[in-house]
Amino acid sequence: MTNLFLPLVADVTGNVNDPVNFTFFIGCMAMMAASAFFFLSLSQFDKKWRSSVLVSGLITFIAAVHYWYMRDAAMAGALENVTAFRYVDWILTVPLMCVEFYLILKVAGATKSLLNKMILLSVVMLVTGYIGESGGDAVIWGTISGLAYFAIAYEIWLGGAAKLAKEAGGDVLHAHKILCWFVLVGWAIYPVGYMAGTEGWYGAAGLFFGMELDMQVLYNIADAINKIGFGLVIYSLAVKKTS
Ligand SMILES: *C/C=C(C)/C=C/C=C(C)/C=C/C1=C(C)CCCC1(C)C
């Protein structure tokens with residue numbers, strides 16, 4: 001009898017019960033389901049809000065495709081390939097999250113220069129993080145990446161974006177605040193994962209306050225929280241603004 005699951009296990013040396021492989025698999029499914037949800041909901045919204053929800057769907061869809069490849073690479077034990085796919089995913093999806101901030105703040109007059117500034121900071125954060133993970137000094141490059149991350153958090157919590165959100169008020173202000181918390185708390189999982197997976201921080205075993213952490217598992221959990229959660233905040237804002 002043919003094995004229905006053969007395509008899942010073919011050419012694979014890894015163990016499906018391993019938390020890394022398992023979270024790649026479930027992450028892929030979650031991103032696919034979220035994309036279908038966002039795309040299929042589009043027609044119910046006012047035109048103005050459709051592009052915001054469309055971008056939410058693009059973020060999870062791009063991630064779903066990358067998770068497909070990352071899952072294969074992880075199960076074959078090719079972690080360098082996982083890192084490359086990971087950063088290609090992020091360099092596409094994080095700027096799209098900046099676009100989400102821009103789109104919801106457009107009602108209060110958000111400018112392209114705010115968008116460009118946020119995209120530039122996120123590119124600096126990710127390129128330096130990639131260098132630190134792929135052979136560069138993990139402490140130096142990770143620190144530069146962290147500074148860019150703080151600059152993004154500052155911009156949305158206290159900088160120009162915060163001012164615009166206050167001017168917009170109401171549902172937009174409320175949604176902006178939740179997105180700010182995602183960036184401050186949800187995004188903070190990434191540097192913890194980075195420190196677990198690179199040399200020079202809290203030990204090669206990835207021990208963090210006595211817990212053994214795995215970089216890929218932390219990145220996978222963070223992606224699910226941030227990409228799907230972020231999208232749902234935008235979705236519910238669009239629902240409120242439409243009805
Ligand atoms: C959907 C993907 C998202 C929201 C990815 C976010 C990634 C970060 C916030 C990464 C941050 C990093 C640091 C702040 C320092 C260490 C290097 C990074 C790139 C892991």
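Quick caveat, the model's predicted, so the values are computed rather than measured. Read the numbers this way: they start at 1 and go in the same order the structure lists the ligands and their atoms.
- To the nearest 0.5 angstrom, Arg86 atom CZ is 4.5 Å from Tyr67 atom OH.
- Annotation for ligand 1: atoms under 4.0 Å from non-hydrogen atoms of Asp223 are 1 (C), 2 (C).
- Atoms of ligand 1 lying under 4.0 Å from at least one heavy atom of Met97, given by number and element, are 4 (C).
- The ligand atoms of ligand 1 that sit less than 4.0 angstrom from a heavy atom of Ser145 are 12 (C), 13 (C), 14 (C), 15 (C), 16 (C), 17 (C), 18 (C), 19 (C).
- In this structure a side-chain-to-backbone donor-acceptor pair under 3.5 Å is missing from Arg71 to Phe25.
- Not less than 6.0 angstrom separates the ring centroid of Tyr130 from the ring centroid of Trp141.
- Phe230 does not count as a contact of ligand 1, since none of its heavy atoms falls under 4.0 Å from the ligand.
- For Trp141, the heavy-atom gap to ligand 1 stays at 4.0 angstrom or more.
- Compare Tyr149, Tyr194, Tyr130, Tyr87 by their heavy atoms: the one nearest to atom 14 (C) of ligand 1 is in Tyr149.
- Atom numbering of ligand 1 starts at 1 in the shown order; those under 4.0 Å from a heavy atom of Gly142 are 15 (C).
- Near Tyr219, with a cut-off below 4.0 Å to any heavy atom, the atoms of ligand 1 are 20 (C).
- By the 6.0 Å contact criterion, CD on Glu167 is enclosed, its count of non-hydrogen atoms from other residues, nucleotides or ligands being greater than 12.
- For the atom pair CH2 (Trp187) and CD1 (Ile152), the distance works out to 5.0 Å, reported to the nearest 0.5 Å.
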